[in-house]
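For reference, the structure discussed in these notes is given below.
Values below: all heavy atoms of this structure, side chains included; hydrogens, waters and symmetry mates excluded.
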Amino acid sequence: MKTTLNAISLGALLFCLQACTPDSPDVTSKADTGGAEPITVTDATESTGSFERYSAEQFFQTTTVFGSSINHDNSAVLVSSDESGVFNAYRYPLDGSAPVALTQSDKDTIFGVSWFPQDERILYTADEGGNELNHLYVLEKSGEAKDLTPGDKLKAQFFGWHEDDKQFYVATNERDERAFDLYAYSTDGYERARVFENADTLNLDTVSRDGRWLVMTKANSNADSDLFLVDLQSEEKTAMHITPHEGNVEHSAYTFTPDSSKLVYGTNEATEYRQAWSYDIASGERSPLFSADWDVSFVYYSKDGNFRVIGTNEDAQTKLDIVDQRSGKALSLPHLPAGDLRSVNFANDGKSMVFYVNSDTAPSNLYSYEFGADKVSRLTDTLNPEISEQNLVASDVVRFPSFDELEIPGLLYKPQGASAENKAPALIWIHGGPGGQSRTGYSAAKQHLVNQGYALFAVNNRGSSGYGKTFFHLDDKKHGEDDLQDIVYGKKYLQSLDWVDQDKIAVIGGSYGGYLTMAAMAFTDEFEAGINIFGVTNWERTLQSIPPWWESFKKALYDEMGDPATDAERHRRISPLFHADKIDNPVLVVQGANDPRVLQVESDEMVEAIRKNNVPVEYVLFPDEGHGFRKKANRITASEAYVSFLNEHLPLGEKM
């Protein structure tokens, strides 16, 4: 049973700019520009040499789709799509016929979660304006929607189906806003019972298919965690510690085996990277399941148990290992387009599967495959037909030495037409977190910037996930210092390339990446301009105002960033807001008014402080967005703002 309420890593605590929605890299109508001049761009496609340039609107007319739940009779997939401009739930028939919108929201984002196991009802989730207070809804066969988790200021998430198909699990923080309790709901009438009260505010991970076992994570620090197992059928429901160890070791729960006899979990006890191990519940025996020279990101099984899927994070790409459990052999698929497989799911009858393929130059498309067939069937065509893949740019993985000779990885996008004779201005792109990772995959915002002639270098500075536990912890309580130097040395690497304009390099990032953007502008004089997308500017306030539902990993966050009760002096020292008088170069700030993680006041005060310097600053505020921009119109406005700002302050050379 896969769960949607996994332990949130520090890499995603604030924001990972490539993951605002499960498959949209920059989920970014009318914006309040805070007094700035209106931003306009031409909508016409411009022919420039041997390739074409496209507007933000053209890039974002690409449709974002995700979700692979297959219905009870194996005839359709439940897909979330922003085809209408706002995410809604759709029914995509597996025979390739036209999809049907199941919900019609024109305001709040709706994400499809799952079909009911034996009929055409669906579960979906939605919040209000990006406030992250998600409720879980059922859409009846009649078309009527019912909120299964009514109430104010609560957050709820689907937690999986019981193997009997007669009940499902939901976690909510309605009893205590700091803790998620687990409830079992009946599929007939939706009566519910609380099956576990989370008095110790641990992080709920997953439930076994037979409904007996619950596994939870306790964060001891940002480098050390433990797993606890609860027998939900016992009277006491005592949490049993199942990962005794010495020193700093991180543990994470992936899933239970289909027969509910074993827990499959991750641990980095033996190596730099997270391995997959199994824990036999009856005997307590542990045994290795899968390892690589990279982190194991996830493990799950098909409903019938015939297939096992393991994903590894290999140099910012997800690689899948799909094994037929009956033969022990890897699943062989017919020829597929270039790219990564994502969201693999199997039909209940075991005869077919669905999956997505995604690459830097191609957004996710949904495919189906009947086992034994000689080809796969493509069910979506998401790239705007006005855009040719030939005009898009794939990234290259490169590495450079930082100030202390530490090797720093990154993804480099070279604009078409850039050369020693035709130099391109460049951007350092900084991911969110702290502890996130810039990864390969389609991004309309990145491709728009590169298509307009800007080189883009997505630096995975020290502290990024995916490169081992030592690398991950190198920035602990050194934020705005050593990790910022990695960004500066990323600039030096760009300056070593003969096709980059050495005097035109800017920095851009969201959330923690927005923080490092503002730190780069306040604490260095290296960058000609900065684009801050809902970035932290005052760590004193941000760490004191984190959402209450982060309680289970608050200690880990404080270990990473520092406790506001004891580290206030350092937080003030590294907060750009208190050093805004040092900012001399232009800044663009973009913010969602409903952001519960980085409050609007962070950006308001930063903009006001920069204006006092008589330095050019532009401000785009979306009243209907939170931490990540989900509505297509807002993403277009944001992307237009990035390019317009850069065209003014980092203009292209005549030949670009």
Side-chain angles (χ1 to χ4, degrees), residues 6-13 16 18 205 217-227 242-254 263-279 286-299 310-321 340 397-411 431-440 458-479 481-483 485-486 489-490 512 553 556-557 559-561:
N6 292 320
I8 300 178
S9 70
L10 289 174
L13 281 181
C16 191
Q18 272 190 289
D205 286 305
T217 305
K218 179 182 180 181
N220 303 314
S221 73
N222 72 325
D224 184 48
S225 56
D226 276 300
L227 297 179
I242 61 171
T243 53
H245 62 275
E246 295 181 0
N248 287 332
V249 181
E250 291 181 317
H251 297 90
S252 56
Y254 294 131
L263 169 69
V264 180
Y265 68 98
T267 175
N268 63 3
E269 184 169 15
T271 72
E272 276 289 310
Y273 297 98
R274 188 184 310 118
Q275 302 175 322
W277 283 60
S278 67
Y279 172 83
R286 296 170 178 79
S287 57
L289 180 71
F290 187 90
S291 63
D293 291 331
W294 301 96
D295 282 333
V296 175
S297 301
F298 54 81
V299 180
I310 297 180
T312 51
N313 179 3
E314 301 188 10
D315 221 1
Q317 278 189 289
T318 298
K319 300 295 184 182
L320 294 187
D321 179 80
D340 292 345
V397 176
V398 300
R399 286 172 165 79
F400 62 90
S402 190
F403 67 97
D404 54 359
E405 300 302 316
L406 179 70
E407 193 174 72
I408 304 297
L411 302 174
H431 63 67
Q437 183 187 35
S438 284
R439 298 172 54 76
T440 60
V459 172
N460 281 317
N461 51 273
R462 71 190 66 205
S464 300
S465 57
Y467 305 100
K469 58 188 178 185
T470 299
F471 189 89
F472 181 77
H473 290 291
L474 285 176
D475 69 339
D476 287 359
K477 296 186 180 179
K478 297 179 182 177
H479 302 286
E481 297 168 344
D482 290 4
D483 54 358
Q485 286 304 303
D486 293 341
Y489 274 73
Y512 187 79
F553 42 84
L557 175 62
D559 285 338
E560 167 96 3
M561 294 300 308

Apply the test side chain to side chain contact (heavy atoms under 4.5 Å, CB included) to residues Leu406 and Leu474: give CA-CA distance (whole Å), side-chain angles for both, the deciding distance (0.1 Å), then the verdict. CA-CA 10 Å; Leu406 179 70; Leu474 285 176; 3.5 Å; yes
Quick one, Phe471 with Ser464, criterion side chain to side chain contact (heavy atoms under 4.5 Å, CB included). Give me CA distance, side-chain angles, the key distance, then yes/no. CA-CA 7 Å; Phe471 189 89; Ser464 300; 4.2 Å; yes
Does the side chain to side chain contact (heavy atoms under 4.5 Å, CB included) test come out yes or no for Leu227 and Tyr265, once each step is laid out? CA-CA 9 Å; Leu227 297 179; Tyr265 68 98; 3.6 Å; yes
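Ser252 is not listed as a side-chain neighbour of Phe298, based on a closest heavy-atom distance of 4.5 Å or more. Side-chain contact between Asp476 and Asp559: absent, with no pair of heavy atoms (C-beta onward) separated by less than 4.5 Å. Looking at heavy atoms from C-beta onward, Thr312 lies out of side-chain contact with Arg274 at the 4.5 angstrom threshold.
The main-chain N or O of Ala556 is never found under 3.5 Å from a side-chain atom of Ser221 such that the two would form a donor-acceptor pair. Under a 3.5 Å cut-off, the side chain of Asp321 and the backbone N or O of Ile310 do not form any donor-acceptor pair. A donor-acceptor pair under 3.5 Å is absent between the side-chain atoms of Asn313 and the main chain of Ser297, judged by distance alone. At distances below 3.5 Å, not a single donor-acceptor pair connects side-chain atoms of His251 with backbone N or O atoms of Thr267.
When all heavy atoms of Ser402 and Ile408 are compared, the pair lying nearest together is CB-CG1, 3.8 Å. Shortest non-hydrogen contact noted between Phe400 and Tyr489 is CE1-C, 3.6 Å. Of all heavy-atom pairs between Ala253 and Leu263, the closest is CB-CD1, 4.4 Å. When all heavy atoms of Leu411 and Ser438 are compared, the closest pair comes out as CD1-O, 3.7 Å.
The local environment of NZ in Lys478 is sparse, with at most 12 non-hydrogen atoms from other residues, nucleotides or ligands closer than 6.0 Å.
Summarising the geometry, atom CE belonging to Met561 is positioned 8.5 Å from atom CG belonging to Asp475; distances are rounded to the nearest 0.5 Å. The structure places CG of Asp404 at 7.0 Å from CG of Asp482, a figure rounded to the nearest 0.5 Å. Interatomic distance, Leu289 CG to Gln275 CD, rounded to the nearest 0.5 Å: 10.5 Å. Taking CG of Asp315 as the reference point, atom OG1 of Thr440 lies at 9.5 Å (rounded to 0.5 Å). For the atom pair OH (Tyr254) and OG (Ser278), the distance works out to 12.5 Å, reported to the nearest 0.5 Å. Rounded to the nearest 0.5 Å, atoms CZ (Arg439) and OG (Ser465) are 8.0 Å apart.
Using a cutoff of 4.0 Å between basic side-chain nitrogens and carboxylate oxygens, Arg462 and Asp486 are scored as salt-bridged. Contact check on Glu407 versus Arg399 returns a salt bridge, with a Lys/Arg side-chain nitrogen under 4.0 Å from an Asp/Glu carboxylate oxygen.
In summary, the side chains of Asn222 and Glu250 do not present any donor paired with an acceptor at a separation below 3.5 Å, with no hydrogens or angles considered. With no hydrogens or angles considered, no side-chain donor-acceptor pair links Glu272 and Tyr467 at under 3.5 Å. Checked by atom type, the side-chain pair Thr217/Ser225 shows no donor-acceptor distance below 3.5 Å. Looking only at atom types and distance, the side chain of His245 has a donor-acceptor partner in the side chain of Asp224 under 3.5 Å away. In this structure, a donor-acceptor pair under 3.5 Å is absent between the side chains of Asp340 and Thr318.
Between His479 and Tyr512, the ring-plane angle classifies as perpendicular under the 30° and 60° cut-offs.
Partner Phe290 forms a side-chain contact (heavy atoms from CB on, under 4.5 Å) with one of Val299, Val264, Val296 and no other, that one being Val296.
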